[in-house]
Amino acid sequence: MATDSMAAIATKSIQYLSAVVVTGMSALLVLSNPGESAYSEFATQQTVDLLLRDICQANQQQSDVLEKLWGNSCKTLSVDSAADIQQFVTYNTQRQNLWLFSLYTTELPLHSLKVLGIANQFVVLSFTGSQNLNSGRPLPENAPLRTARPLHDR
């Protein structure tokens with residue numbers, strides 16, 4: 001009988017310890033769920049990198065005149081336009097706050113970005129390009145940019 005009671009105590013101890021560990025880890029995830037401002041900075045940097053790669057590197061293969069024009073613009077893009085890009089990204093982002101983590105969806109004119117925010121980190125879940133918008137055809141010059149509701153919990 002003593003063995004049975006010792007086994008019962010060990011089982012209860014393991015259950016209690018497991019509950020404490022799960023509760024502690026959940027609390028850490030809740031406390032480290034990255035917020036909107038951190039995501040905005042992350043997504044802005046991703047967008048600037050995308051623009052630099054798609055526009056600046058692609059246009060290096062063009063004529064010298066275009067290269068000089070884009071080259072000068074590219075040097076100032078990340079510094080001069082970061083605030084405008086951040087405002088645009090923030091306005092076109094939706095956040096789903098699920099307490100332990102957040103899911104962010106940012107709709108840019110030619111790209112869609114889905115990101116998981118967890119433990120003060122961001123993980124890009126999917127990144128889709130222009131083929132999803134307007135069947136890959138270029139947007140008309142006067143086409144309005146898609147605008148979503150401002151970034152906030154949904």
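Since the structure is predicted, the reported quantities are computational estimates derived from the model, not experimental observations.
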Indicate if F101 and Y39 have the same hydrophobic cluster label, given that clusters are the connected sets of ILVMFWY residues with side-chain heavy-atom separations under 4.5 angstrom. no
How many angstroms lie between NZ in K114 and OG1 in T128, if you round to the nearest 0.5 Å? 7.5 Å
Find the distance between CG (D84) and OG1 (T44) and round it off to the nearest 0.5 Å. 10.5 Å
Nearest heavy atoms of W99 and N33, plus distance in Å: O-ND2, 3.2 Å
Shortest non-hydrogen contact between E107 and S112, atoms and distance: OE2-OG, 3.0 Å
In residues 115-122, what donor-acceptor pairs under 3.5 Å come from side-chain atoms, sequence neighbours left out?
none

Nearest-0.5 Å distance, CG of residue N92 to CD of residue Q87: 10.5 Å
Approximate separation, where rounding is to 0.5 Å, of Y104 OH and L113 CG: 12.0 Å
For the residue pair A19 and T23, what are the closest heavy atoms and their distance? O-OG1, 2.8 Å
Quick one: OG1 on T106 to NE2 on H111, what's the gap to the nearest 0.5 Å? 12.5 Å
Measuring only between side-chain heavy atoms, which start at C-beta, is L125 closer than 4.5 Å to L103? yes
Residues in side chain to side chain contact (heavy atoms under 4.5 Å, CB included) contact with L100, at least two apart in sequence or another chain: S26, L29, V30
T105: what forms a side chain to side chain donor-acceptor pair (under 3.5 Å) with it, not counting sequence neighbours? none
Taking ILVMFWY side chains as joined if any heavy atoms are under 4.5 angstrom apart, and letting links pass through other members, which residues group with I14? none
Please give me the minimum heavy-atom distance between S102 and P34, naming the atom from each residue. OG-O, 4.2 Å
Under the rule for side chain to side chain contact (heavy atoms under 4.5 Å, CB included), what residues qualify as partners of Q46, not counting sequence neighbours? F42
Donor-acceptor pair, distance only, cut-off 3.5 Å: does the side chain of S40 make one with the backbone of E36? no
